[in-house]
Structure formats: structure tokens, C-alpha cells
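It should be emphasised that the depicted structure is a prediction, and the values quoted were computed from it without experimental measurement. Below, each value reflects all heavy atoms present in this structure, side chains not excepted, and no hydrogens, waters or symmetry copies.
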Amino acid sequence: MDGNGRWAQGRNQIRTQGHLEGLKTAKRIVKAASDLGVSFLTLYVFSTENWKRTAEEVGFIMGLVRQYLREELNFYRENRIRIRHYGDAGGLPSDIAEELREACEDTRHFDGMQVILALNYGGRDEIVRAIRKLLAAGAGKNGEFSEEDFRHYLDNPDIPDPDLIIRTAGEFRTSNFLLWEGAYAEYWITEKLWPDFTEEDFKAALTQFRGRKRRYGGTKV
Ligand code: FPP
């Protein structure tokens, strides 16, 4: 959800105003995705590197997360949407970690779309945490250890790899997002800043994605 800061700065507003608009876009896109029958939607809300921002900006984004978790729960219930989390909950403010845990628990039986909030998330961090878990479990000692075995230690082993990663604000980089799971994801990059991203843009990305030939390193289509 890149470009919130630039959106605000372009309007001579403070960066946090961009995050406020970004939250509105996130709500619209979650609704659009649910209406379109998308099964899994991950929102990259806050990375393990975003702590480098000013305390004011970090505090503001965390406040929006709190607000989002409280305000949207009814919408999630009505639409049978399940909330999940990618990232290190241990590094989040304890009240947010608790609200997130409760929201995940509250919605775990829903069979509609799954919305995964990537919060205090980094792809490298997820892989390192997975390695710690597998070492603690004493796994792989016989040397027989497959990619599938490794997946088991990632944050959400049951969630399929992403088909499509949408990047706003015209950036051509992974930004530490789903490094393992996104190995064969298709990218769709738009110059639009996240607060300006619309349901129509989202549909355009899906339509363009449907026409892609995915070979996963092979030659057949
Ligand atoms: C990246 O844009 C955006 C973020 C780090 C924060 C995203 C957070 C929200 C949209 C609000 C919370 C949303 C939910 C769903 C709880 P940037 O600030 O790096 O933009 P810039 O590159 O233009 O400076």
C-alpha cells in the first residue's frame, strides 16, 4: 500500500493524512475483493523496517490498526471474512497483538474471503523465525528436509502462495514482502499512489493477471 506519504506531501498535508486516506482505500479494496470472490487478500500494513520511521508516524499507523480492528469487525462478521496475521506478533504493542489475536480467533470459523494483515512483517524475518521454530522442534536432523517441510514452519503454512502482488506508487522492488511464498507470484505495478487506487484499478489488475501465461520455470503454458 505504497504512496501514502507522497499522496499527502503532494497536497501539502502531513504524511499521516496519507495513511488516513490509505486506510479508506484498504476498506474499499477489501470490500471489492470480497464481492469479486477473491479467496485470500494480504495487506502489507507495516513492515519490520517501518519502525525506522518517526515515533509520531509509527504511533499514528498503530492507531489506525487499532481503529481498523475495532470498526471493521462487524463488516467482517456480516461478510463471513476471516482475519489472519503474517508477522511477528511478539514485536507489536501488546494491546494491538491482543486485539489482533482476538479478531483472528473471533473470525476463524468464517468460510468467506481471508484477509491477512501483514503487520510487523518482513520476509527475511519470517524465514529466520521459521528456522528458529524448526531448530526448536529438532526437525531435519536426518538431512531429509524438503521445501514442503520448511513451509510448515512459516507463519501460515495452509495459505496458498500469492498469485498476484499489486504494487502501487510505481516501485519495482519486493520490499521484503512474502519472499518465500511469492517466489512465483505475478507482479502488477501501477504508478497510482495507494490512496488513489480504486476498485476499477483492482479489477484491471485481476483482468490483466488472467491473461498471463505462468510457466513456473518450465516451458509448457
Ligand atoms: C506505505 O506508504 C504505507 C505504510 C507503511 C502504511 C500503510 C498503512 C495504512 C494504509 C493504514 C492502516 C491500514 C490497515 C488495513 C490497518 P509510504 O508511507 O511509504 O508512502 P511514501 O513511499 O509515499 O512515503
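Taken to the nearest 0.5 Å, the CD atom of Glu181 stands 9.0 Å off from the CD1 atom of Ile165. Atom CD of residue Glu102 and atom CG of residue Leu73 lie 9.5 Å apart, to the nearest 0.5 angstrom. Distance check: Thr198 OG1 to Ile29 CD1 gives 6.5 Å after rounding to the nearest 0.5 Å. Between the CD atom in Glu99 and the CZ atom in Arg66 there is a gap of 7.5 Å [rounded to 0.5 Å]. Atom CG of residue Leu164 and atom CZ of residue Arg167 lie 13.0 Å apart, to the nearest 0.5 angstrom. Taking CG of Asn176 as the start and OG of Ser47 as the end, the distance is 7.0 Å to the nearest 0.5 Å.
In this structure, Tyr121 and Tyr44 have perpendicular ring planes: the angle between them is above 60°, well past the 30° mark.
Taking every heavy atom of both residues into account, Ala118 and Thr42 meet most closely at CB-CG2, 4.3 Å. Nearest heavy atoms, Met113 versus Phe40: CG-N, 4.3 Å. Taking each heavy atom of Gly122 and Thr48 in turn, the nearest pair found is CA-OG1, 3.5 Å. Shortest non-hydrogen contact noted between Phe150 and Ala130 is CZ-CB, 3.8 Å. Pro157 and Leu154 get closest at one heavy-atom pair: CD-O, 3.4 Å. Gly87 approaches Asp155 most closely through the heavy-atom pair N-OD2, 2.8 Å.
The side chain to side chain donor-acceptor pair (under 3.5 Å) check on Glu21 picks up Lys24, with sequence neighbours excluded. Residues forming a side chain to side chain donor-acceptor pair (under 3.5 Å) with Glu98 (at least two apart in sequence, or on another chain): Arg101. For Glu147, the salt bridge (Lys or Arg N to Asp or Glu O under 4.0 Å) criterion is met by no residue, not counting sequence neighbours. Scored by the side chain to side chain donor-acceptor pair (under 3.5 Å) test, Trp7 finds Asp196 as partners (sequence neighbours excluded). Residues forming a salt bridge (Lys or Arg N to Asp or Glu O under 4.0 Å) with Asp125 (at least two apart in sequence, or on another chain): Arg129.
For the pair Trp188 (side chain) and Ile166 (backbone), a donor-acceptor distance under 3.5 Å is absent. In this structure, Asp35 contributes its side chain and Ala32 its backbone to no donor-acceptor pair below 3.5 Å. Looking at Thr174, its side chain never comes within 3.5 Å of a backbone N or O of Phe177 through a donor-acceptor pair. With Asp201 contributing its side chain and Phe197 its backbone, the two residues share no donor-acceptor pair below 3.5 Å. In this structure a side-chain-to-backbone donor-acceptor pair under 3.5 Å is missing from Asn156 to Asp158. A donor-acceptor contact shorter than 3.5 Å is absent between the side chain of Asp88 and the backbone of Asn120.
Side chains of Arg214 and Tyr216: a donor on one and an acceptor on the other come within 3.5 Å.
Taking 4.0 Å as the cut-off between side-chain N and carboxylate O, Arg77 and Asp106 count as a salt-bridged pair. With respect to Lys192 and Asp2, no salt bridge is recorded, no charged nitrogen being found less than 4.0 Å from a carboxylate O. Between Glu72 and Lys27 a salt bridge is recorded (basic side-chain N to carboxylate O distance below 4.0 Å). Under 4.0 Å is where a charged nitrogen must lie from a carboxylate oxygen, and between Asp161 and Arg151 at least one such pair does.
Transitive grouping of hydrophobic side chains (ILVMFWY, heavy atoms separated by less than 4.5 Å) brings Met1 and Ile83 into a common cluster. Following chains of ILVMFWY side-chain contacts shorter than 4.5 Å, one cannot reach Leu178 starting from Leu41, and the two form parts of different hydrophobic clusters. Transitive grouping of hydrophobic side chains (ILVMFWY, heavy atoms separated by less than 4.5 Å) brings Val115 and Trp194 into a common cluster. In this structure, Trp180 is not a member of the same hydrophobic cluster as Ile159, with clusters built from ILVMFWY side-chain heavy atoms closer than 4.5 Å. Leu206 and Val30 fall within the same hydrophobic cluster, where Ile, Leu, Val, Met, Phe, Trp and Tyr residues are linked whenever their side-chain heavy atoms come under 4.5 Å apart, directly or through other members.
Annotation: side chain of Tyr86 is not in contact with side chain of Leu119 (no heavy-atom distance under 4.5 Å). In this structure, Arg124 and Leu179 have side chains that are in contact, with non-hydrogen atoms separated by less than 4.5 Å. Considering only heavy atoms from C-beta on, Asn50 stays 4.5 Å or farther from Ile61 through its side chain. Inter-residue side-chain proximity for Leu135 and Tyr153 is flagged as unmet; no heavy-atom pair is nearer than 4.5 Å.
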Side chain to side chain donor-acceptor pair (under 3.5 Å) between Arg84 and Thr107, intermediate numbers included: CA-CA 9 Å; Arg84 303 186 66 179; Thr107 60; over 6 Å; no

Met62 vs Phe46, side chain to side chain contact (heavy atoms under 4.5 Å, CB included): CA-CA, chis, key distance, verdict: CA-CA 9 Å; Met62 290 300 154; Phe46 195 87; 3.7 Å; yes

Full working for side chain to side chain contact (heavy atoms under 4.5 Å, CB included) between Ile116 and Leu43: CA-CA 6 Å; Ile116 309 105; Leu43 297 171; over 6 Å; no

Audit row: Arg82, Cys104, side chain to side chain contact (heavy atoms under 4.5 Å, CB included) steps and yes/no: CA-CA 7 Å; Arg82 180 173 173 190; Cys104 292; over 6 Å; no

Derivation of the side chain to side chain contact (heavy atoms under 4.5 Å, CB included) call for Leu92 and Leu100: CA-CA 10 Å; Leu92 286 169; Leu100 187 58; 4.1 Å; yes

Check against salt bridge (charged side-chain N to carboxylate O under 4.0 Å, His left out), Arg6 and Glu171: CA-CA 12 Å; Arg6 274 165 278 179; Glu171 304 294 356; 3.0 Å; yes

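Within a 6.0 Å radius of NZ in Lys31, no more than 12 heavy atoms belonging to other residues, nucleotides or ligands are found. Atom CD of Glu56 is surrounded by 12 or fewer heavy atoms from other residues, nucleotides or ligands within 6.0 Å. Atom CZ of Arg212 is surrounded by more than 12 heavy atoms from other residues, nucleotides or ligands within 6.0 Å. Within a 6.0 Å sphere centred on CZ of Arg11, other residues, nucleotides and ligands contribute more than 12 heavy atoms.
Listed by first then second residue, pairs satisfying salt bridge (charged side-chain N to carboxylate O under 4.0 Å, His left out) with a partner in residues 36-55 read Arg53-Glu57, not counting sequence neighbours.
Checked against Phe60 for a side-chain contact (heavy atoms from CB on, under 4.5 Å), the options Gln17, His19, Arg15 give a single hit: His19.
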